[in-house]
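By convention here, the first residue in the shown sequence is residue 1.
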Amino acid sequence: MTMMNHLSAFADRAIRGAIPARPRYAVSLIDRSTGRPHAIADIPLVLMTREPVETSDELMRNRDPSRWRIFVERMDSKGGLS
């Protein structure tokens with residue numbers, strides 16, 4: 001193998017190192033009456049996104065704001081919640 005075989009992987013890593021990644025967020029829909037997250041089949045709905053405002057708007061579309069609220073939490077670089 002020559003270096004030409006690995007050139008694209010090297011370029012990809014170089015670009016990722018030079019351009020910082022935008023932060024990621026976990027967005028949840030919370031029931032105001034219970035304080036619990038909305039769940040589907042007993043699995044809490046949590047959306048991972050880099051655009052929390054747009055995701056929040058989509059989650060709240062056609063929902064009653066007096067019953068639901070949005071909870072946004074920033075994730076660290078390894079994907080854990082801060």
Side-chain angles (χ1 to χ4, degrees):
M1 287 198 171
T2 66
M3 185 168 171
M4 293 301 285
N5 295 8
H6 302 285
L7 190 57
S8 64
F10 175 75
D12 181 56
R13 286 201 170 86
I15 288 173
R16 287 184 189 192
I19 300 172
R22 295 184 336 215
R24 292 181 295 172
Y25 300 88
V27 180
S28 301
L29 186 63
I30 307 294
D31 187 341
R32 289 182 186 270
S33 62
T34 63
R36 300 187 68 173
H38 177 60
I40 299 171
D42 290 331
I43 300 170
L45 176 66
V46 179
L47 300 176
M48 309 301 174
T49 182
R50 294 192 190 277
E51 316 226 343
V53 174
E54 290 83 3
T55 303
S56 299
D57 291 343
E58 283 295 313
L59 276 174
M60 287 301 291
R61 187 177 55 173
N62 298 326
R63 293 189 193 272
D64 183 5
S66 66
R67 179 166 181 214
W68 298 100
R69 71 177 174 88
I70 296 293
F71 180 70
V72 178
E73 196 168 9
R74 187 175 177 158
M75 300 174 71
D76 62 16
S77 61
K78 297 189 189 270
L81 298 174
S82 310

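By the side chain to side chain donor-acceptor pair (under 3.5 Å) test, Ser66 pairs with Asp64, sequence neighbours left out. Residues passing the salt bridge (charged side-chain N to carboxylate O under 4.0 Å, His left out) test with Glu54: none are found, sequence neighbours excluded. Applying the side chain to side chain donor-acceptor pair (under 3.5 Å) test to Arg36 and every residue at least two apart in sequence or in another chain returns nothing. Among residues two or more places apart in sequence or in another chain, the salt bridge (charged side-chain N to carboxylate O under 4.0 Å, His left out) test is passed with Asp57 by none. The side chain to side chain donor-acceptor pair (under 3.5 Å) check on Ser56 picks up nothing, with sequence neighbours excluded.
Using a 4.5 Å cut-off on side-chain heavy atoms (C-beta onward), Trp68 and Arg32 make no contact. With a 4.5 Å cut-off on side-chain heavy atoms, Leu47 and Leu45 count as touching. Taking 4.5 Å as the limit, some side-chain heavy atom of Ile70 sits within range of a side-chain heavy atom of Leu29. With a 4.5 Å cut-off on side-chain heavy atoms, Glu73 and Val46 do not count as touching.
Expressed to the nearest 0.5 Å, how far CZ of Arg67 lies from CD1 of Ile30 amounts to 12.5 Å.
Sorted by first and then second residue, the side-chain hydrogen bond (donor to acceptor under 3.5 Å, both in side chains) pairs with a member in residues 37-53 read Arg22-Glu51, Thr49-Thr55; sequence neighbours excluded.
Residues Val72 and Leu59 are members of one and the same hydrophobic cluster, defined by side-chain heavy-atom contacts under 4.5 angstrom among Ile, Leu, Val, Met, Phe, Trp and Tyr.
With hydrogens and angles ignored, the 3.5 Å screen pairs no side-chain donor or acceptor of Arg74 with any backbone N or O of Tyr25.
Here the shortest heavy-atom pairing between Met48 and Ala26 reads SD-CB, 4.0 Å.
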